[in-house]
Amino acid sequence: MYAITGITGKVGGALARSLLAEGLPVRAVLRDEAKAVEWRTRGCGVALAEMDDAASLTSAFRDATGVFILPPSEFDPEPGFPEARHVIAAVTSALVEARPGKVVCLSTIGADALHENLLTQRTLMEQSLQEIGLPVTFLRPGWFMENALWDIPSARDEGVLRSFLQPAGKLFPMVATQDVGHLAAALLREDWSGARVVELEGPARISPNDIAGAFATALKRPVRVETVPRASWEQIFRSQGTRNPLPRIRMLDGFNEGWIDFSEHGRSAVKGTTPLESVIAELVGAGQAKASV
């Protein structure tokens with residue numbers, strides 16, 4: 001049996017569906033009983049647990065062949081990442097107590113970055129889980145292509161993609177969430193010892209110009225890139241309600257300056273198969289369908 005946290009999200013859902021398609025037993029680890037119906041209908045067992053509650057996680061992970069850990073993302077962390085540390089302590093304690101057969105943890109590109117930034121939350125998780133004495137795989141995907149969801153309104157209404165990734169022609173490692181879920185399912189079915197890192201990016205690296213081009217095709221209108229000046233980032237993020245924007249700013253610096261990247265610039269990374277164009281087309285189509293309801 002495979003215990004899957006984050007199963008209601010894109011990555012966890014793709015992972016669970018992949019395992020179920022292989023006829024493998026899945027335990028959906030959920031916070032909300034109201035979301036359990038879908039997964040029970042699919043044939044899953046259900047365990048209710050909070051990611052910061054060691055006791056409920058221990059129960060959810062017990063007797064599992066493998067566990068998938070999808071840590072919650074804190075986009076506006078307090079200094080020192082206390083929110084992430086609380087989750088890390090609970091997850092680590094639960095895994096030590098439950099002793100599942102193996103663990104796949106969703107980490108991120110940049111978990112090995114030398115400078116503190118928003119992704120340091122995953123660095124801390126990796127450091128803790130390396131010490132539990134179980135087979136652990138840290139799956140480090142690139143920037144999610146689906147992050148472009150937030151760019152749909154300006155691309156559709158103004159023909160503009162305002163990019164914090166820059167310059168507009170720079171190629172960045174990105175990947176579709178369904179590729180992340182499918183690889184996580186494959187990794188859970190493998191056997192290994194100790195801790196290992198698996199990096200994952202899409203079939204080709206992607207620039208902001210490429211994203212604008214994919215939007216132009218999907219929306220059937222011209223879309224151009226406007227890079228957002230770095231000097232304005234803090235004011236923009238604070239106006240959006242962010243109290244501590246520095247970690248996010250430093251993460252973007254890392255991508256733009258190149259100190260957040262895969263080892264060997266991705267030459268040894270696993271390559272996904274989903275192209276950017278299909279992800280953008282799906283995001284745009286879903287938005288149009290929702291608007292027409």
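We're numbering straight along the sequence, starting at 1.
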State the [atom1]-[atom2] distance between [X] and [Y], to the nearest 0.5 angstrom.
X: N209; Y: I206; atom1: CG; atom2: CD1; answer: 12.5 Å
X: L188; Y: I4; atom1: CG; atom2: CD1; answer: 5.5 Å
X: H265; Y: R267; atom1: NE2; atom2: CZ; answer: 6.0 Å
X: R140; Y: S263; atom1: CZ; atom2: OG; answer: 8.0 Å
X: L129; Y: T92; atom1: CG; atom2: OG1; answer: 4.5 Å
X: R156; Y: I152; atom1: CZ; atom2: CD1; answer: 7.5 Å

Closest non-hydrogen atom pair, [X] against [Y]:
X: P141; Y: S107; answer: CD-O, 3.4 Å
X: L171; Y: S207; answer: CD2-N, 3.8 Å
X: A14; Y: G181; answer: CB-CA, 4.0 Å
X: A148; Y: F215; answer: O-CZ, 3.4 Å
X: A184; Y: L139; answer: CB-CD2, 3.9 Å
X: F172; Y: P167; answer: CE1-O, 4.4 Å

Under a 3.5 Å distance rule, please check whether [X] uses its side chain to pair with a backbone N or O of [Y] as donor and acceptor.
X: T123; Y: A111; result: yes
X: N117; Y: P247; result: no
X: D151; Y: L161; result: no

Check whether more than 12 heavy atoms from other residues, nucleotides or ligands sit under 6.0 Å from atom [atom1] of [X], and answer yes or no.
X: K10; atom1: NZ; value: no
X: H115; atom1: NE2; value: yes
X: E83; atom1: CD; value: yes
X: Q235; atom1: CD; value: no
X: K271; atom1: NZ; value: yes

Between [X] and [Y], does any side-chain N to carboxylate O distance fall below 4.0 Å?
X: E78; Y: R85; answer: no
X: R224; Y: E226; answer: yes
X: E158; Y: R162; answer: yes
X: K102; Y: D191; answer: yes
X: R205; Y: D210; answer: no

F164 ring center near F237 ring center (under 6.0 Å):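 Centroid distance F164-F237: below 6.0 Å, so yes.
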Under the side chain to side chain donor-acceptor pair (under 3.5 Å) rule, what pairs show up with a residue in residues 177-188, not counting sequence neighbours?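 Every pair satisfying side chain to side chain donor-acceptor pair (under 3.5 Å) with a residue in residues 177-188: E146-T177, Q178-T274, D179-T274.
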Applying side chain to side chain donor-acceptor pair (under 3.5 Å) as the test, list every pair that has at least one member in residues 17-32; sequence neighbours left out.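 Matches after skipping sequence neighbours: R31-E50.
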For the residue pair [X] and [Y], establish whether any side-chain heavy-atom pair is separated by less than 4.5 Å.
X: S93; Y: V91; answer: no
X: W259; Y: L114; answer: no
X: M251; Y: T108; answer: no
X: M174; Y: L165; answer: yes

Co-membership, hydrophobic cluster, residues I132 and F61, 4.5 Å side-chain: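 Yes; F61 is reachable from I132 via cluster members.
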Going by distance alone, is a donor N or O of one side chain under 3.5 Å from an acceptor N or O of the other, for [X] and [Y]?
X: E116; Y: T120; answer: no
X: S163; Y: T227; answer: no
X: S73; Y: R122; answer: yes
X: E277; Y: T217; answer: no
X: W192; Y: E190; answer: no

